[in-house]
Amino acid sequence: MEDVVIAGAGPNGLMLACELALAGVHPIVLEALPEPSPTPRANGLVGQVVRLLDRRGLHERLAGPIGPPVPAFVFGALRLDLTLAEPNPLNILPVPQRRIEAALGERAAELGVEIRRGHALTGLTQDDEQVTVEVAGPDGPYALTTRYVVGADGGKSVTRKLAGIGFPGVTDDRTISYSASATVPADMIDAATGGLRVPGHGVIPPLFHYRTEHGLFVYAPLAAGTGVTAIEWGDDAEDDEDRPVTLDEVRASVHRVLGFDLPIGPPDGDGPHLLRRLKGRNTRLADRFRAGRVLLVGDAAHVHSAIGGPGLNLGLQDAVNLGWKLAAEIGGRAPAGLLDTYEAERRPVAERVVMHSQAQSALIAPGSDVTALRELFGELLRQPSTVQHIADLMSGADIRYEPGTAHPLDGRWAPDLVLANGIRLAELTRTARPLLLDLTPAASLGDEVTGWAGRVDVVTGKAGQEATAMLIRPDGYVAWATSATDPDDTDRKALRAALERWFGSPVDM
C-alpha cells in the first residue's frame, strides 16, 4: 500500500510532494498531462510564499538570494505605497510559473519523489483504512491502494468531485479579458520608469493595473517577454470558445479600454507565447477541505480572481501547512486532531483571500460610483495604518494560527532573523523539521526537548530580536515563544505543552 497519492503535478502538488519527502514520506504524484504545459500562466509569486521558498532553499534556485520587499504594489488598480508600511511585508518573485514548476520538479526528483506523467486519476473509493484509486495510464487502466489522496488538480478538480466535496460560489459572466505576448514600439517606452507612454493617459507604469471607465489595462514587460492585458465589462460580453483569439482582437479590446490604437505587434522569440481570451471569473470555496482520507490543496479547494497575484501564495502555503501534518499522521507520531488543523487553519485564510480579491474586483469595475469610491480609497491609502493593514492582508503577514496569550509571536510567521554567527533562520529551516531556537544566555531549553529527540531540532546562539526563544513549526509559524532571558517554570511548562500539542507525546529516554 502507498502512503500518499497526489493528483496534480502543478506547483502545489509538487510542493506538497517535496514537503512529504523531507518528512520521510515518499508520495506518488499522478499528472494527467504527459509533459509540463508550456502555456504561460502566472508571472511570479507575491507575499509570504516568497519567504517560504527562501526557507526551503528554492529562492536561490530561481533568482539568487532573496531581496528586500518591494517599495510599491497595487491594490484594486490603486497604488499601494509600501514605504508607509513598517515593517513592509510584501516580497515578490517575478519568475514565470513554468520555471517555478521546473524547479519544484527538480527538487522533488532529488528527494526521490515518483512523478507519473500521463497518468490521470479517474476514480476513487475509500473506507476507514485506505483509498483505492483508479488510474488511466499510457499502458491502460490500473489501480492503487493508498492511505491518503490529496487533490492538487486545479479548479476543475477530479479528486474533489470524486470525493463528493461541494464547491459553492459564484460565477460572474460580466467580464471578458484578452491577454497576449506582444511587442510595442520602442519610442513609446518611458526611459525613466519603464512604463508605456499612451496619448491621453500619460505614462502607464509597468505591471500596474490601469483602470479606465471602460475597463482595465496592464502592460507587463517581463524577462520572458512583454505582455498586454485588457479586461472589459458588459452583460452582453460574448465569447466563442471554439474560435481562436487573434492579435487583432486584442488590439481592438485595448482600443476600447484606452481609447487609443496601441500598435502592438507579434511577439519576439520562439515562445511559448500567450494569446488568450477568458470569459467571466469564478469565486468558489470547497465546503470542506477533507473528506475522510481525501484532502484538497490549492485551486482544488478555492478559486478566486487573480488580481493581486494571491493564488500561489495561498496554494503553496496550503501545501506546506498540510505536508508536515500528513507526514506525522502517516508516521504515527501525530497528536490527536493534528490533521484536522489543516482545514481549521487554512480555510479562514482562503476566506480572506476571496474577500480581498472580490473587493479589488469591485474597485476596478466601471461606473461613476466606483470612480468616487476609488477617490475615497485613494485618500485612505495615504494613511500608514491603512497601507499596513492592506499590505499585511495581501502578503499573508496577518495570518495567526491558534494565537496564545503568552507572547505576541505565538501563531505568527517566525521573523527572518540572523544569528550572531551570520546564519539566517532561513538556512536553518531547509530540512522542514520542527525547530527550537534557544537564544537565552544559558541555552538550557534543550533539556525540555529530550522527550522529542529526533523529532525536534535544537539550535542555540545569539541574536537581537523580540524573542529569546521560539519553537517553530515546519511551516515556519511559531508554536511557542518567550522574551525571558531566564525562562521560568511557567515558560518551560508552556513550551512542553506546545511540543505535545503539535509534535505528539514525549518518549521516555
Side-chain angles (χ1 to χ4, degrees), residues 11-12 15 42-56 58-59 62-63 65-95 97 100 207-209 298 302 304-321 345-361 363 377 380-381 383-401 403 408-417 424-426 429 466 472-473 475-478:
N12 299 318
M15 189 74 190
N43 290 314
L45 301 174
V46 176
Q48 290 288 94
V49 69
V50 179
R51 297 179 180 182
L52 174 63
L53 293 189
D54 182 40
R55 292 191 179 180
R56 293 297 188 262
L58 293 166
H59 193 288
L62 290 164
I66 190 170
V70 291
F73 200 63
V74 62
F75 178 82
L78 293 164
R79 187 175 187 272
L80 194 63
D81 182 1
L82 295 171
T83 65
L84 300 176
E86 181 56 44
N88 177 358
L90 212 151
N91 290 76
I92 66 170
L93 179 59
V95 174
Q97 180 169 323
I100 296 169
L207 304 174
F208 187 83
H209 297 156
H302 38 67
H304 43 76
S305 168
I307 190 167
L312 287 176
N313 191 20
L314 181 59
L316 289 173
Q317 290 195 79
D318 284 350
V320 174
N321 185 286
E345 291 184 342
R346 296 306 296 168
R347 186 184 180 86
V349 180
E351 289 171 345
R352 286 184 65 74
V353 170
V354 166
M355 176 271 289
H356 79 67
S357 60
Q358 286 184 313
Q360 292 185 76
S361 296
L363 281 169
F377 258 79
L380 294 173
L381 290 179
Q383 299 179 9
S385 61
T386 305
V387 172
Q388 187 74 61
H389 184 90
I390 291 179
D392 289 346
L393 172 67
M394 293 189 69
S395 68
D398 63 346
I399 295 172
R400 192 173 190 187
Y401 298 139
L409 283 177
D410 285 350
R412 293 196 180 279
W413 178 258
D416 295 319
L417 55 84
R424 299 187 304 130
L425 175 61
T429 56
E466 58 187 294
I472 304 172
R473 305 184 336 179
D475 56 1
Y477 286 83
V478 176

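Here, residue 1 is the first one in the sequence, and each next residue gets the next number.
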Go through it in stages, so that I can follow the logic: the residues are Ile472 and Leu425, the test is side chain to side chain contact (heavy atoms under 4.5 Å, CB included), and I'd like the CA-CA distance, side-chain angles, deciding distance and then a yes or no.
CA-CA 10 Å; Ile472 304 172; Leu425 175 61; 3.8 Å; yes

To the nearest 0.5 Å, how far apart are [atom1] in [X] and [atom2] in [Y]?
| X | Y | atom1 | atom2 | value |
| --- | --- | --- | --- | --- |
| Gln360 | Ile307 | CD | CD1 | 4.5 Å |
| Leu380 | His389 | CG | NE2 | 11.5 Å |
| Asn313 | Leu93 | CG | CG | 11.5 Å |
| Asp318 | His302 | CG | NE2 | 3.5 Å |
| Leu52 | Asn91 | CG | CG | 12.0 Å |
| Thr429 | Arg51 | OG1 | CZ | 13.0 Å |

Shortest non-hydrogen separation from [X] to [Y] and the atoms involved:
| X | Y | value |
| --- | --- | --- |
| Asp81 | Thr83 | OD1-OG1, 2.6 Å |
| Pro89 | Asp392 | CG-OD1, 3.3 Å |
| Leu90 | Val46 | CD2-CG1, 3.7 Å |
| Asp54 | Arg424 | OD2-NH1, 2.8 Å |
| Arg56 | Val320 | NH2-CG1, 3.9 Å |
| Leu381 | Arg79 | CD1-O, 3.9 Å |

Any sub-3.5 Å donor-acceptor pair from [X]'s side-chain atoms to [Y]'s backbone N or O?
| X | Y | value |
| --- | --- | --- |
| Asn12 | Leu316 | yes |
| Arg346 | Leu314 | yes |
| Gln388 | Leu84 | no |
| Asn88 | Val70 | yes |

Under the rule for ring pair (Phe, Tyr, Trp, His ring centres under 6.0 Å), what residues qualify as partners of Tyr477, not counting sequence neighbours?
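Tyr401, Trp413.
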
pair [X]-[Y]: side-chain heavy atoms closer than 4.5 Å:
| X | Y | result |
| --- | --- | --- |
| Leu78 | His209 | no |
| Pro384 | Glu86 | no |
| Leu312 | Val49 | no |
| Met15 | Leu53 | yes |
| Gln317 | Asp475 | no |

Mind checking what makes side-chain contact (heavy atoms from CB on, under 4.5 Å) contact with Pro310, not counting sequence neighbours?
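Partners of Pro310 under the side-chain contact (heavy atoms from CB on, under 4.5 Å) test: His304, Val353, His356.
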
